[in-house]
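Not measured: the values here are computed from a predicted model.
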Amino acid sequence: MPGESVLIVGGGQAAAQLVVSLRLGGHGGPITLVSDESAPPYQRPPLSKQYLAGELERERLLLRRAEYYESRDVELRLGRRVLSVDRGHKLAVLDNGEELRYDRLVLATGSVLRKLDAPGSDLPGIHYLRSLDDADALHEELAPGRRIVIVGGGYIGLEVAATAAKAGAEVTVLEAEERVMSRVASAAVADWLTGLHRQSGVRIRVGEQVRGFAGRRRVEAVETGNGPFAADAVVVGIGVLPSADLARECGLGEDDGILADEHCRTEDEAVLAAGDCARAVNTALGFAVRLESVQNAVDHGQVAASVILGDPKPYSGVPWFWSDQFHAKLQIAGLARPADETILRGDPTSGSFAAFRLRDDRLTAVEAVSSPRDFMAGKKLIASGSAPDPVQLIDESVALKDLIQA
């Protein structure tokens, strides 16, 4: 309905996209966005890269300037939290006691950092990276000769490692698994990234279990089963958890995220869930999935807007992700499982290649290293449900576009 009031809880990419899509779609009702951060919605990927390096101004991170929201009659409640939701009365209570009524509630609460519970984990000098303030604090630690130890070899850990190394710091990455990027990348790509970091001066140690942190007034070392690693500062990047407490407390279903259908609708027709916090059905994949990516958040924002605008569009699309590390750009499309077959296209030693993942002859994912053409073609192959011949995938004389099924 054009006049419905929309309350958005959260200030990330999904929330920002929802606002834009609603106003572009002609929604004329009141829109209120509540975020516990002091800044309007902003980009998070640069926090571990350009912004952390001091190469990007804070203002340029904003997805939309504050004036945009004002000019479109969108009320921003920044620095505020929603404490509770009464779904029966369609009422939300803020941390200052204020009550906000809504016709539609969109939970775009994002995710929360997974904290490392170990002795000494509260020592000064131990950083996590999720917000602008986190990035600002970590930036002060990056200087030539500073010993930076990073716990976790995933996206955030390796991106911060690259940024810190380029700043002249002495960087060590401690990964508990037997290889970096174990949840998201093939062994071939993980090994290539490990080599890239080591060639760039980063020390990577796998199979390292962190037991605690040592120091007097601030952290001085990371304790592992193989001994201590001296540190002037530590960055912990061991993943995130869906921010689903508010949904759980008001009785909505959740299981590794707020449960939603292909239209981002929860079991309550007045409540939708979008972004990192939502476990929504993806019709392209055929199952519900919770993803932590810009693309997923943008898609969810658009889908939720279509529902509120009265023209529901299902959530459907091939998931994709990217990561910048040193001079390399890793682009991944699709979702692979550890047991999926890996087919390499191109020579990894050239610095530009792709790993195609196959399951039951079907292409499940493509991992392209500094190879945007392979990434785009692979994404289209996945979307078309193709079962390409592995021999043709390997053969660089065969154009990948010719393998796409009509």
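- Under the 3.5 Å distance criterion, the side-chain polar atoms of Arg290 are matched with a main-chain donor or acceptor of Asp276.
- Of the charged side-chain nitrogens involved, at least one lies within less than 4.0 Å of a carboxylate oxygen, so that Glu75 and Arg77 count as a salt-bridged pair.
- Two residues are said to be in side-chain contact when any heavy atoms from C-beta on lie closer than 4.5 Å; Arg80 and Asp95 meet this criterion.
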Worked verdict on Leu138 versus Asp134 for side chain to side chain contact (heavy atoms under 4.5 Å, CB included): CA-CA 6 Å; Leu138 181 56; Asp134 293 338; over 6 Å; no
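- Side-chain atoms of Asp191 and Thr194 include no donor-acceptor pair closer than 3.5 Å.
- A salt bridge links Glu37 and Arg44; the closest N-O separation between the charged side-chain nitrogens and carboxylate oxygens is under 4.0 Å.
- At distances below 3.5 Å, at least one donor-acceptor pair connects side-chain atoms of Ser384 with backbone N or O atoms of Leu381.
- In this structure a side-chain-to-backbone donor-acceptor pair under 3.5 Å is missing from Gln17 to Gly301.
- Side-chain contact, Asn226 with Thr224: no donor N or O sits under 3.5 Å from an acceptor N or O.
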Asp73 and Ile31: side chain to side chain contact (heavy atoms under 4.5 Å, CB included), yes or no, with the steps? CA-CA 7 Å; Asp73 196 25; Ile31 300 176; over 6 Å; no
Would Asp324 and Lys49 satisfy salt bridge (charged side-chain N to carboxylate O under 4.0 Å, His left out), going step by step from the backbone distance to the final call? CA-CA 8 Å; Asp324 295 319; Lys49 299 180 282 288; 5.3 Å; no
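- Using modelled atom types, no side-chain atom of Asp311 and backbone atom of Ser306 make a donor-acceptor pair closer than 3.5 Å.
- Counting heavy atoms from C-beta outward, Pro319 and Leu335 have side chains that approach closer than 4.5 Å.
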Start with the C-alpha gap between Arg130 and Ser111, add the side-chain angles, then the distance that decides, and say whether side chain to side chain contact (heavy atoms under 4.5 Å, CB included) holds. CA-CA 9 Å; Arg130 187 64 182 162; Ser111 54; 2.4 Å; yes
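- Atom CG of Asp361 sits in a sparse spot, with 12 or fewer heavy atoms from other residues, nucleotides or ligands closer than 6.0 Å.
- More than 12 heavy atoms of other residues, nucleotides or ligands sit less than 6.0 Å from atom CZ of Arg179.
- Between Gln199 and Phe326, the closest side-chain pair of non-hydrogen atoms is not below 4.5 Å.
- Residues Glu267 and Leu259 fail the side-chain proximity criterion, which asks for heavy atoms closer than 4.5 Å.
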Run the salt bridge (charged side-chain N to carboxylate O under 4.0 Å, His left out) test on Arg218 and Glu141 for me, step by step, so that the C-alpha distance in whole Å, both residues' side-chain angles and the decisive distance to 0.1 Å come before the verdict. CA-CA 13 Å; Arg218 61 175 284 133; Glu141 304 276 16; 3.2 Å; yes
Please tabulate, for the side chains in residues 53-70, all donor-acceptor contacts under 3.5 angstrom to protein atoms that are two or more places apart in sequence or on a different chain.
unit_1: Arg58; atom_1: NH2; unit_2: Asp136; atom_2: OD2; d: 2.5
unit_1: Glu59; atom_1: OE2; unit_2: Arg65; atom_2: NH1; d: 2.5

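- With contacts defined as side-chain heavy-atom distances shorter than 4.5 Å, the pair Glu367/Val184 does not qualify.
- Within 6.0 Å of atom CG in Asp347, more than 12 heavy atoms from other residues, nucleotides or ligands are found, so the atom counts as buried in its surroundings.
- Put simply, the side chain of Glu4 reaches to within 4.5 Å of the side chain of His27, judged on heavy atoms.
- With Asp340 contributing its side chain and Arg337 its backbone, the two residues share a donor-acceptor pair below 3.5 Å.
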Extract all donor-acceptor atom pairs below 3.5 Å that involve side chains of residues 112-125 and protein atoms in other chains or at least two apart in sequence.
unit_1: Arg114; atom_1: NE; unit_2: Ile238; atom_2: O; d: 3.4
unit_1: Ser121; atom_1: OG; unit_2: Ala118; atom_2: O; d: 3.0

Go through the steps to decide whether Ile258 and Thr266 satisfy the test side chain to side chain contact (heavy atoms under 4.5 Å, CB included), and finish with yes or no. CA-CA 8 Å; Ile258 305 167; Thr266 70; 4.0 Å; yes
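- Side chains of Val391 and Ile394 form no contact here, defined as non-hydrogen atoms less than 4.5 Å apart.
- Inspection of the Glu292 and Asn296 side chains reveals no N or O donor paired with an N or O acceptor under 3.5 Å.
- For Thr109 (side chain) and Gly10 (main-chain N/O), no donor-acceptor pair under 3.5 Å exists by modelled atom type.
- Judged by distance alone, the side chain of Trp192 and the main-chain N or O of Pro348 form a donor-acceptor pair under 3.5 Å.
- Between the Thr163 side chain and the Ser48 main chain, a donor and an acceptor come within less than 3.5 Å of each other.
- Counting only distance, with no hydrogens or angles, the side chain of Ser323 and the backbone of Tyr155 share no donor-acceptor pair below 3.5 Å.
- Looking at heavy atoms from C-beta onward, Val173 lies out of side-chain contact with His197 at the 4.5 angstrom threshold.
- Listed for the Arg359 side chain is no donor-acceptor partner under 3.5 Å among the backbone atoms of Ala336.
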